[in-house]
Novice: 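I have a structure here, written as C-alpha cells, and I will follow up with some questions on it.
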Protein chains: 2
Amino acid sequence: MNFSVSEENYIKSIYHLQQQTDLVTTNSLANELQTRPASVTDMLKKLQVKKILEYEKYKGFRLNASGKKVALSIVRRHRLWEYFLVTKLGFEWDKVHAIAEELEHVSSPELIRKLDDFLNHPTADPHGDPIPDMHGKIAVIKQLSIADVPENKNVVVSSVSNQSPDMLELLKHYHIGIGTGLKVTTRFSFDGSVEIKVSKYAPCIISELVAKNIFVYHD
Amino acid sequence: MNFSVSEENYIKSIYHLQQQTDLVTTNSLANELQTRPASVTDMLKKLQVKKILEYEKYKGFRLNASGKKVALSIVRRHRLWEYFLVTKLGFEWDKVHAIAEELEHVSSPELIRKLDDFLNHPTADPHGDPIPDMHGKIAVIKQLSIADVPENKNVVVSSVSNQSPDMLELLKHYHIGIGTGLKVTTRFSFDGSVEIKVSKYAPCIISELVAKNIFVYHD
DNA sequence: ATTATTTTTTAGGTTTGTCTAAATTTTAAT
DNA sequence: ATTAAAATTTAGACAAACCTAAAAAATAAT
C-alpha cells in the first residue's frame with residue numbers, strides 16, 4: 001500500500017498518541033497535528049477505507065496491526081535519518097527533528113536498507129529512542145528499577161527522566177549517558193537498589209530512585 | 001521565496017530544456033514532465049506571478065536570473081544526493097536518479113551545507129555532471145576539441161558522447177573515464193589532434209574525433 | 001433526568017495541481 | 001492569401017487536503 005505525505009503524518013501521530021492512551025480521540029490528534037478536528041475526521045475516513053484503522057464514530061480510533069506496521073516503518077525512517085544527521089553530518093541532536101520529518105517521507109525501501117547498512121544498524125536515535133528493525137520490531141523501554149529488566153544481559157540507556165543538576169552529576173560520575181550500555185548484576189529487594197556494571201568500569205550500586213529515572217531497552 | 005515540490009519540478013525541467021533551446025515551448029515541457037500542455041500553461045502563470053519566468057503567451061518562456069538561481073540550487077541538491085547515494089550508500093550510478101529526485105525537495109539549506117562538507121565538496125555527480133556551488137556557480141562543459149579549453153590547466157571529464165566498444169576500449173587504454181582529471185598540453189592545428197596528460201601517466205595524443213567526443217569542465 | 005457543555009461529525013467552501021474539451025493563436029501548406 | 005494543421009490557452013471539472021460554521025452525539029452538571 002502507498003501513502004501520501006499527509007497520510008503518513010497522521011499515521012505517525014496516531015501511533016504516537018496510542019502509545020499512551022490506546023484509544024485516540026479526534027481532538028487530541030487535531031492538537032498533535034496542529035490542524036482542525038474536522039480535518040482529522042476527513043482523514044480518519046480515508047485511513048479506514050485503506051484498512052489500517054479501527055474506528056467507531058464518536059468513540060475513538062486506533063491503528064490496527066497493519067497500521068502499526070506502517071507507523072513503525074515511518075518511525076524507523078525518521079530515526080535512521082536523525083542518527084545520520086547527528087553522527088555523519090554533525091548536527092546537534094536537538095536540531096534534527098524537522099529535517100528528519102521531511103526525509104522520512106522519501107519512500108525507497110532500498111534507500112533505507114542501504115542507509116541502515118551505512119550507519120551500521122544503529123539501535124537507537126540520538127535522543128535514545130529505539131529504532132524499529134526492518135520487520136517493524138521495536139525494543140521495549142523500561143525503567144531500570146523494574147524487576148523484569150533481565151540480570152546480566154546488556155541493556156542500553158534510552159533516556160533519563162530527571163534532568164536536575166544533581167542527577168546529571170551522579171550520572172556523569174557513574175559514566176552513564178544516553179546510549180550507554182550496561183548490565184544489572186544484582187538487585188537488592190531490601191531497598192530496591194540495583195548493582196550495575198557500566199561497560200569496563202567496576203560495578204556500582206544505584207538507589208531505587210535513580211534506577212526509576214533511568215530508562216533502558218534491550219534488543 | 002518558497003516553492004512547492006511541483007513548482008520545483010517545473011523549474012528544474014525548464015532549466016534543463018533551456019540549456020538547449022533558450023526559449024522553451026509548452027509542448028516540450030509537457031512532454032518532459034509527462035503532463036498535459038494545459039497543466040503547463042496553468043503553472044507558467046503561477047511562476048510568472050512569482051517573478052522567476054519570462055513568459056509571452058503563445059511565444060514561449062525562459063527562467064529569468066532569479067529563476068535560474070532557484071533551478072541551480074535544486075540541481076545542486078539533486079547532484080549532491082546522487083553523489084552521496086553512490087559514494088556512501090553504495091548504489092549503482094544508474095539507480096540513483098529517482099531517489100535523488102525525492103531527496104532534492106528537502107529544503108533545509110543547513111542540511112545541504114553540511115552534506116556538502118561531509119562529501120568533501122564534490123564538483124561532479126556520478127554521471128559526470130558538474131555540481132553547482134553554494135552561490136549557484138556551475139562549471140561550463142565543453143568538448144575537449146574546442147580551442148578555448150585552456151592549455152596546461154586541469155580539467156575533469158564530464159561525459160563521453162560515443163559509447164561504442166571501440167571508443168570505450170580506447171578510453172580504457174588511455175585511463176580516461178568520467179571524473180578523470182587531465183590537462184591539454186599541446187594542440188596540433190594541422191589535424192586537430194590534442195596532446196593530453198592524464199594524471200601521472202605519460203602524455204599521449206588523441207585524434208580530433210576522440211577529442212570531440214570527450215566533454216570536460218574546469219572550475 | 002433534564003439541561004448545559006464539550007466533542008465529534010457533517011455540509012459546504014477554498015486552494016493546489018491536475019485533467020478534458022473547446023476556443024484561440026501561430027505556423028505550415030497549398 | 002486563404003486554408004489546413006499544429007500549438008497554445010481558456011473554460012470548466014475533479015481529487016486531495018485543508019478550512020468554517022452548523023448539526024448531532026456524548027459527556028458532565030445541576
Side-chain angles (χ1 to χ4, degrees), chain A residues 1-14 17-18 20-63 67 70-71 74 101-102 104-105 107, chain B residues 1-15 17-18 20-63 67 70-71 74 101-102 104-107:
Chain A
M1 185 88 72
N2 230 23
F3 297 96
S4 71
V5 169
S6 193
E7 285 169 338
E8 287 195 349
N9 284 331
Y10 274 87
I11 292 165
K12 196 172 44 134
S13 290
I14 296 169
L17 289 173
Q18 82 185 28
Q20 299 164 310
T21 49
D22 182 50
L23 210 54
V24 183
T25 66
T26 303
N27 266 359
S28 64
L29 182 53
N31 181 62
E32 176 90 2
L33 285 164
Q34 295 291 11
T35 184
R36 298 288 160 178
S39 309
V40 169
T41 304
D42 285 350
M43 185 58 90
L44 291 178
K45 284 184 203 154
K46 283 183 58 182
L47 296 180
Q48 194 182 24
V49 169
K50 290 201 170 186
K51 301 210 182 299
I52 60 169
L53 199 67
E54 287 173 33
Y55 172 39
E56 257 190 289
K57 264 169 125 178
Y58 292 104
K59 286 202 165 178
F61 47 89
R62 60 164 79 82
L63 295 172
V70 175
I74 302 167
E101 202 104 292
E102 292 193 60
E104 76 191 4
H105 301 296
S107 59
Chain B
M1 187 86 74
N2 231 24
F3 297 96
S4 71
V5 169
S6 193
E7 286 170 336
E8 287 194 349
N9 284 331
Y10 274 88
I11 292 165
K12 197 172 45 135
S13 290
I14 296 169
Y15 177 79
L17 289 174
Q18 82 183 28
Q20 299 163 310
T21 49
D22 182 51
L23 210 54
V24 182
T25 66
T26 302
N27 266 358
S28 64
L29 183 52
N31 181 62
E32 176 90 2
L33 286 164
Q34 296 291 13
T35 184
R36 298 289 161 180
S39 310
V40 170
T41 305
D42 286 348
M43 184 58 90
L44 292 177
K45 284 183 203 153
K46 283 182 60 182
L47 297 180
Q48 195 182 24
V49 169
K50 291 201 170 186
K51 300 207 182 303
I52 60 169
L53 198 69
E54 286 173 34
Y55 172 40
E56 257 189 292
K57 264 168 120 177
Y58 293 103
K59 287 202 162 176
F61 47 90
R62 61 163 78 83
L63 294 172
V70 175
I74 302 166
E101 201 105 292
E102 291 194 60
E104 76 192 4
H105 301 297
V106 176
S107 61

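In this text, all values refer to a predicted model and were calculated from it rather than measured experimentally. Chain A is the first sequence line, chain B the second, and so forth, proteins listed ahead of strands; every chain is numbered from 1.
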Novice: Under 4.0 angstrom, heavy atoms only, what part of the nucleic acid is B/Ser39 near: base, sugar-phosphate, or nothing?
Specialist: base
Novice: From C/dT8, D/dC19, D/dT8, pick the nucleotide closest to the side chain of B/Thr41?
Specialist: D/dT8
Novice: Calculate the interatomic distance between A/Gln34 atom CD and D/dC19 atom C1'; express it in whole Å.
Specialist: 15 Å
Novice: Quick one: is A/Lys45 getting a side-chain N or O under 4.0 Å of the C/dT10 phosphate, OP1 or OP2?
Specialist: yes
Novice: Could you grab the distance from atom OG1 of A/Thr35 to atom CG of A/Asn9, nearest 0.5 Å is fine?
Specialist: 11.0 Å
Novice: Measure from CD on B/Glu56 to C1' on C/dT26 and round the result to the nearest Å.
Specialist: 13 Å
Novice: Compare the minimum distances between each of D/dA21, D/dA11, C/dT7 and the side chain of A/Ala38, then state the nucleotide with the smallest one.
Specialist: D/dA21
Novice: Rounded off to whole Å, could you give me the CG-to-P distance for the A/Asp42 and C/dA11 pair?
Specialist: 11 Å
Novice: Can you tell me how far P of D/dA6 sits from CG of B/Asn27, to the nearest Å?
Specialist: 12 Å
Novice: Considering just the side-chain nitrogens and oxygens of B/Thr26, establish if one lies under 4.0 Å of OP1 or OP2 belonging to D/dT9.
Specialist: yes
Novice: Restricting to non-hydrogen atoms, name the atom on B/Leu29 and the atom on B/Ser13 that form the minimum distance, rounded to 0.1 Å.
Specialist: CD1-CB, 3.6 Å
Novice: For A/Lys50 versus A/Asn2, what's the shortest heavy-atom pair and its separation?
Specialist: NZ-O, 3.0 Å
Novice: The side chain of A/Arg36 is closest to which nucleotide in this list: C/dT20, D/dT20, D/dT8?
Specialist: D/dT20
Novice: From the options D/dA11, D/dA26, C/dT10, select the nucleotide whose nearest atom is closest to the side chain of A/Tyr58.
Specialist: D/dA26
Novice: Would you mind telling me which residue lines up with the more 5' stretch of DNA chain D, A/Ser6 or A/Lys59, judged by nearest nucleotide?
Specialist: A/Ser6
Novice: Rounded to the Å, how far apart are A/Met43 CE and D/dC19 C1'?
Specialist: 14 Å
Novice: Quick one: is C/dT16 close enough that its OP1 or OP2 comes under 4.0 Å of any side-chain N or O from B/Ser4?
Specialist: no
Novice: Taking only side-chain N and O atoms of B/Lys57, does any of them lie within less than 4.0 angstrom of OP1 or OP2 on C/dT24?
Specialist: no
Novice: Please report the distance, rounded to the nearest Å, between CG in A/Leu29 and P in C/dT9.
Specialist: 11 Å
Novice: Expressed in angstrom and rounded to an integer, what is the separation of B/Leu33 atom CG from C/dC19 atom P?
Specialist: 10 Å
Novice: Using whole Å, report how far CD of B/Gln48 lies from C1' of D/dT9.
Specialist: 13 Å
Novice: By the 4.0 Å heavy-atom rule, please label B/Tyr55 as base, sugar-phosphate, or nothing.
Specialist: sugar-phosphate
Novice: Considering only heavy atoms from C-beta outward, does the side chain of A/Glu8 approach that of A/Val5 to under 4.5 Å?
Specialist: no
Novice: Do A/Gln48 and A/Phe61 have side chains that approach each other closer than 4.5 Å (heavy atoms only, starting at C-beta)?
Specialist: no
